[in-house]
Chemist: 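One structure, as structure tokens, below. Some questions next.
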Amino acid sequence: MTGMTVGFALCGSFCTIDKAIFEMEKLVKEGAEVIPIMSEIVQTTSTRFGDAETRLKRVEEITQKEVLKTIKDVEPIGPKGLLDLLIISPCTGNTISKIATGITDSTVTMAAKAHLRNNRPLLLSIATNDALSGSAANIGKLLNTKNVYFVPFGQDDPIKKSTSMICDFNKILPAAKAALEGKQIQPILI
């Protein structure tokens, strides 16, 4: 990953954010320059899974970069061609649906739109309770969208959460390397 500039956007699947940040740290250790991006919700919401301000500081310490927090902050990603790869992790059903339908009303969705205009890879690391219900059609649409790749994902609790799916966070790094080569890591469904 040395020499690669990777945007890493965090969305509000709060129970998985620590796993995503751990993988962000791996990218930095692999030599990538990581540009952190946070959704408005992740920037400001403290939950039983962590304090918002502590999370923000941790990400800035890991990346040695200030978090991009607004639509205005991320808009230059497109015209300036700032990223080789953009990873959205965790990527919620809400974000998946917005990207699939072209809605750019948040920091993360604008980052995705700006990045995709450069025909560069977008890697989605899904974590959503409605993957096999409300978000299923949009996941399907993005599976067939040029320059969009997925970290392998599967059901996390088919009995108690029958429509929920989550990626294998440990596969973010190999999926990122494959996406940079224009390839989808297989199998996509686990």
Side-chain angles (χ1 to χ4, degrees), residues 6-28 34-78 82-83 85-116 122-139 141-142 145 148-151 153 156-157 161 163-169 172 176:
V6 178
F8 201 109
L10 297 165
C11 291
S13 173
F14 291 98
C15 61
T16 62
I17 287 177
D18 282 343
K19 291 178 183 179
I21 292 172
F22 182 74
E23 297 304 315
M24 176 191 295
E25 197 166 15
K26 281 186 189 176
L27 286 165
V28 171
V34 176
I35 308 298
I37 302 163
M38 283 188 182
S39 73
E40 291 78 357
I41 297 299
V42 173
Q43 296 169 40
T44 59
T45 305
S46 296
T47 70
R48 64 187 169 109
F49 299 107
D51 175 72
E53 187 61 32
T54 302
R55 181 183 312 116
L56 186 93
K57 287 179 184 174
R58 181 175 170 215
V59 166
E60 290 182 339
E61 284 175 12
I62 290 167
T63 62
Q64 295 297 297
K65 301 261 189 280
E66 189 174 332
V67 170
L68 302 181
K69 300 176 187 171
T70 67
I71 289 174
K72 183 179 177 183
D73 291 343
V74 299
E75 189 276 333
I77 287 171
L82 297 179
L83 306 175
L85 169 69
L86 175 59
I87 300 170
I88 302 178
S89 178
C91 187
T92 62
N94 184 50
T95 299
I96 288 163
S97 297
K98 287 180 178 188
I99 293 169
T101 57
I103 297 171
T104 55
D105 64 350
S106 72
T107 301
V108 173
T109 56
M110 177 56 82
K113 174 189 174 185
H115 178 69
L116 283 171
L122 171 65
L123 180 62
L124 304 179
S125 155
I126 71 169
T128 179
N129 288 326
D130 73 342
L132 295 174
S133 58
S135 290
N138 292 313
I139 291 170
K141 183 176 181 181
L142 290 174
T145 300
V148 176
Y149 302 89
F150 285 80
V151 175
F153 59 94
D156 54 315
D157 187 348
K161 300 188 313 181
T163 63
S164 181
M165 295 184 93
I166 190 168
C167 75
D168 180 347
F169 285 89
I172 289 176

Chemist: With sequence neighbours excluded, what pairs up with Glu75 under the side-chain contact (heavy atoms from CB on, under 4.5 Å) test?
Modeler: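 In terms of side-chain contact (heavy atoms from CB on, under 4.5 Å), with neighbours along the sequence ignored, Glu75 is linked to Pro79.
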
Chemist: Listed by chain and number, what are the side-chain hydrogen bond (donor to acceptor under 3.5 Å, both in side chains) partners of Asp130, not counting sequence neighbours?
Modeler: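 Residues passing side-chain hydrogen bond (donor to acceptor under 3.5 Å, both in side chains) with Asp130: Thr128, Ser135.
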
Chemist: With sequence neighbours left out, write down each residue that passes side-chain hydrogen bond (donor to acceptor under 3.5 Å, both in side chains) with Ser164, or none if nothing qualifies.
Modeler: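 Only Asn129, Asp156 meet the side-chain hydrogen bond (donor to acceptor under 3.5 Å, both in side chains) criterion with Ser164.
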
Chemist: For Lys141, check side-chain hydrogen bond (donor to acceptor under 3.5 Å, both in side chains) against everything at least two apart and list the hits.
Modeler: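 With neighbours one apart ignored, the set is empty.
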
Chemist: Which residues pass the side-chain contact (heavy atoms from CB on, under 4.5 Å) test with Leu82, not counting sequence neighbours?
Modeler: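 Pro76, Ile77, Lys80.
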
Chemist: Got a sec, which residues hit salt bridge (Lys or Arg N to Asp or Glu O under 4.0 Å) with Asp157, two or more places apart in sequence or on another chain?
Modeler: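 Salt bridge (Lys or Arg N to Asp or Glu O under 4.0 Å) check on Asp157 returns nothing, list empty.
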
Chemist: Applying salt bridge (Lys or Arg N to Asp or Glu O under 4.0 Å), which residue pairs with at least one partner in residues 35-45 are found, sequence neighbours left out?
Modeler: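 Salt bridge (Lys or Arg N to Asp or Glu O under 4.0 Å) check on residues 35-45 returns no pairs.
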
Chemist: Taking side-chain contact (heavy atoms from CB on, under 4.5 Å) as the test, write out the residues that go with Thr47, two or more places apart.
Modeler: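 Thr47 satisfies side-chain contact (heavy atoms from CB on, under 4.5 Å) with Phe14, Thr45, Phe49 once adjacent residues are dropped.
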
Chemist: Quick one: salt bridge (Lys or Arg N to Asp or Glu O under 4.0 Å) pairs with a partner in residues 85-101, sequence neighbours left out?
Modeler: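 Only Lys98-Asp105 qualify under salt bridge (Lys or Arg N to Asp or Glu O under 4.0 Å).
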
Chemist: Please name all residues satisfying side-chain contact (heavy atoms from CB on, under 4.5 Å) with Ala112, sequence neighbours left out, ordered by chain then number.
Modeler: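 If we apply the side-chain contact (heavy atoms from CB on, under 4.5 Å) test to Ala112, skipping adjacent residues, the hits are Leu86, Ile88, Ile99, Leu122.
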
Chemist: Which residues pass the side-chain hydrogen bond (donor to acceptor under 3.5 Å, both in side chains) test with Thr63, sequence neighbours left out?
Modeler: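 With sequence neighbours excluded, Thr63 shows a side-chain hydrogen bond (donor to acceptor under 3.5 Å, both in side chains) to no residue whatsoever.
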
Chemist: Sequence neighbours left out, what pairs pass salt bridge (Lys or Arg N to Asp or Glu O under 4.0 Å) with at least one residue falling in residues 51-63?
Modeler: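 For residues 51-63: Asp18-Arg58.
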
